[in-house]
Amino acid sequence: MGLNVIMMGAPGAGKGTQAGRFARERGLPKISTGDMLREAIKDGNPVALEAGALMDRGELVDDATIIAIVRDRLSKPDSRPGFVLDGFPRTVGQAVALDRIMEERGEGPLVVIDVVVPEQELVRRLGSRRICSKCGTNAEPGKTECTACGGELVVRTDDDGQVVVERLKVYERATRPVLDYYRSRSTFRVVNGAQAPEQVAHDVDSMIDDAAASSGAAGRAAGERRTNPRVAESKRA
Ligand code: ADP
């Protein structure tokens, strides 16, 4: 069974950072719809350029386009042992489509992690966020160039004041219902994203391992780093 993880959270919650770290450590592909769209825009893909206008306004790209991108990406063999989704699903329609894709794959349940951060902290983080203009990596605090590739650090076009407000509104309207869609599943877990990054990482790891183990989908990756399930259990929201 695969270790299939969805990292949920509002813009600025740190889900992309946690998704990237977890995927690297477990040797799974991180599938970020935001990153895929930004790369396709850089390559001048016409569909992506249209999507780029919506992204710059903080609006969502249409379900059909995004679902097609994810379906195609999940058909690649590297996602067979599992994957970490970042930025998808963002609407209930996308979540329903993902369930269908998972049924077709027959590769075990989805582990859903919701990284929760209070709104004023989200606004503060997004206001000070810088990313690398070359590779898109989030900048480390206090650095003047990208630690991954040395590229120039810039403000992401959709991290500007009013657009941030719009993205948070869109999150509440379109994406919060996705959490309700998943909340009753035994593999749904909540992590406090306002803690120190190492603590968030620790909680994310133990929640994922616990959820995967309790669903019988532990697989090789999760089985290697099992933590005390009762500790994770007591933090379940
Ligand atoms: P963040 O999580 O910080 O808001 P992302 O990089 O995940 O940023 O996404 C940036 C933008 O890309 C979104 O505001 C939206 O316009 C578009 N996008 C990414 N993923 C999706 C998705 N699953 N559905 C619709 N639009 C998406």
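Start at 1 and go down the list; that is how both ligands and their atoms are numbered.
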Exercise. Taking distance alone, with no angle check, do Asp86 and ligand 1 share an N/O pair under 3.5 Å?
Worked result: no

Exercise. Any salt bridge between Arg80 and Glu107, counting N to O under 4.0 Å?
Worked result: yes

For this session: Go through ligand 1 atom by atom and flag the ones less than 4.0 Å from a non-hydrogen atom of Arg38.
Result: 6 (O), 10 (C)

For this session: State the atoms of ligand 1, each with its element, that fall below the 4.0 Å cut-off from a heavy-atom position in Leu37.
Result: 12 (O), 17 (C), 18 (N), 19 (C)

For this session: Could you establish whether Arg125 and ligand 1 come within less than 4.0 Å of each other, counting only heavy atoms on the residue side?
Result: no

Problem set entry | Salt-bridge criterion met for Arg185 and Asp114 (N-O under 4.0 Å) | no

Seminar exercise, completed: for atom 26 (N) of ligand 1, nearest protein heavy atom and its distance come out as Val61 N, 3.0 Å

Exercise. Is the shortest distance from a Lys or Arg side-chain nitrogen in Arg71 or Glu104 to a carboxylate oxygen in the other one below 4.0 Å?
Worked result: yes

Problem set entry | Element-labelled atoms of ligand 1 that are located less than 4.0 Å from some non-hydrogen atom of Met55 | 11 (C), 12 (O), 16 (O), 17 (C)

Problem set entry | Carboxylate-amine/guanidinium proximity below 4.0 Å for Asp158 and Arg129 | no

For this session: Enumerate the atoms of ligand 1 whose separation from the nearest heavy atom of Thr33 is less than 4.0 angstrom.
Result: 19 (C), 20 (N), 21 (C), 23 (N)

Seminar exercise, completed: Logged contact type for Met36 with ligand 1, heavy-atom cut-off 4.0 Å, is neither

Problem set entry | Residue portion contacting ligand 1 (non-hydrogen atoms closer than 4.0 Å) for Leu60 | both

Problem set entry | side-chain contact (heavy atoms from CB on, under 4.5 Å) between Ile66 and Leu37, intermediate numbers included | CA-CA 9 Å; Ile66 292 287; Leu37 288 167; 3.8 Å; yes

Seminar exercise, completed: Within the 4.0 Å heavy-atom cut-off, what Glu166 brings close to ligand 1 is neither

For this session: Using distance alone, determine whether Gly12 and ligand 1 share an N or O pair under 3.5 Å.
Result: no

Problem set entry | atom 9 (O) of ligand 1: nearest protein contact (heavy atom, Å) | Arg90 NH2, 3.5 Å

For this session: With heavy atoms of Asp158 as the reference, note each atom of ligand 1 found under 4.0 Å away.
Result: 10 (C)

Exercise. When rounded to the nearest 0.5 angstrom, what is the spacing between OG1 in Thr144 and CG in Leu153?
Worked result: 7.0 Å

Exercise. For residues Asp99 and Tyr182, is any side-chain donor paired with an opposing acceptor at under 3.5 Å?
Worked result: no

For this session: Determine whether the side chain, the backbone, both or neither of Glu59 has a heavy atom under 4.0 Å from any heavy atom of ligand 1.
Result: backbone

Seminar exercise, completed: protein heavy-atom neighbour closest to atom 2 (O) of ligand 1 works out as Lys15 NZ, 2.5 Å

Exercise. Linking I/L/V/M/F/W/Y whenever their side-chain heavy atoms sit closer than 4.5 Å, directly or via other members, would Phe88 and Leu60 fall into one cluster?
Worked result: no

Exercise. Side chain to side chain contact (heavy atoms under 4.5 Å, CB included) with Val112: which of Val5, Leu85, Ile6?
Worked result: Ile6

Exercise. How many angstroms lie between atom CG of Leu49 and atom CE of Met55, to the nearest 0.5 angstrom?
Worked result: 11.0 Å

Seminar exercise, completed: In ligand 1, the atoms that come under 4.0 Å of a heavy atom of Arg167 are 1 (P), 3 (O), 4 (O), 8 (O)

Problem set entry | Ion pair check, Asp203 and Arg189, cut-off under 4.0 Å | no

Exercise. Is Val170 touching ligand 1 with its side chain, its backbone, both, or neither, if touching means heavy atoms under 4.0 Å apart?
Worked result: neither

Problem set entry | Best match, Gln94, Met8, Arg156: closest heavy atom to atom 24 (N) of ligand 1 | Gln94

Exercise. Counting each atom of ligand 1 from 1 as listed, which ones have a heavy atom of Arg129 under 4.0 Å away?
Worked result: 3 (O)

Exercise. Taking atom CD of Glu152 and atom NZ of Lys134, what is their separation to the nearest 0.5 Å?
Worked result: 9.5 Å

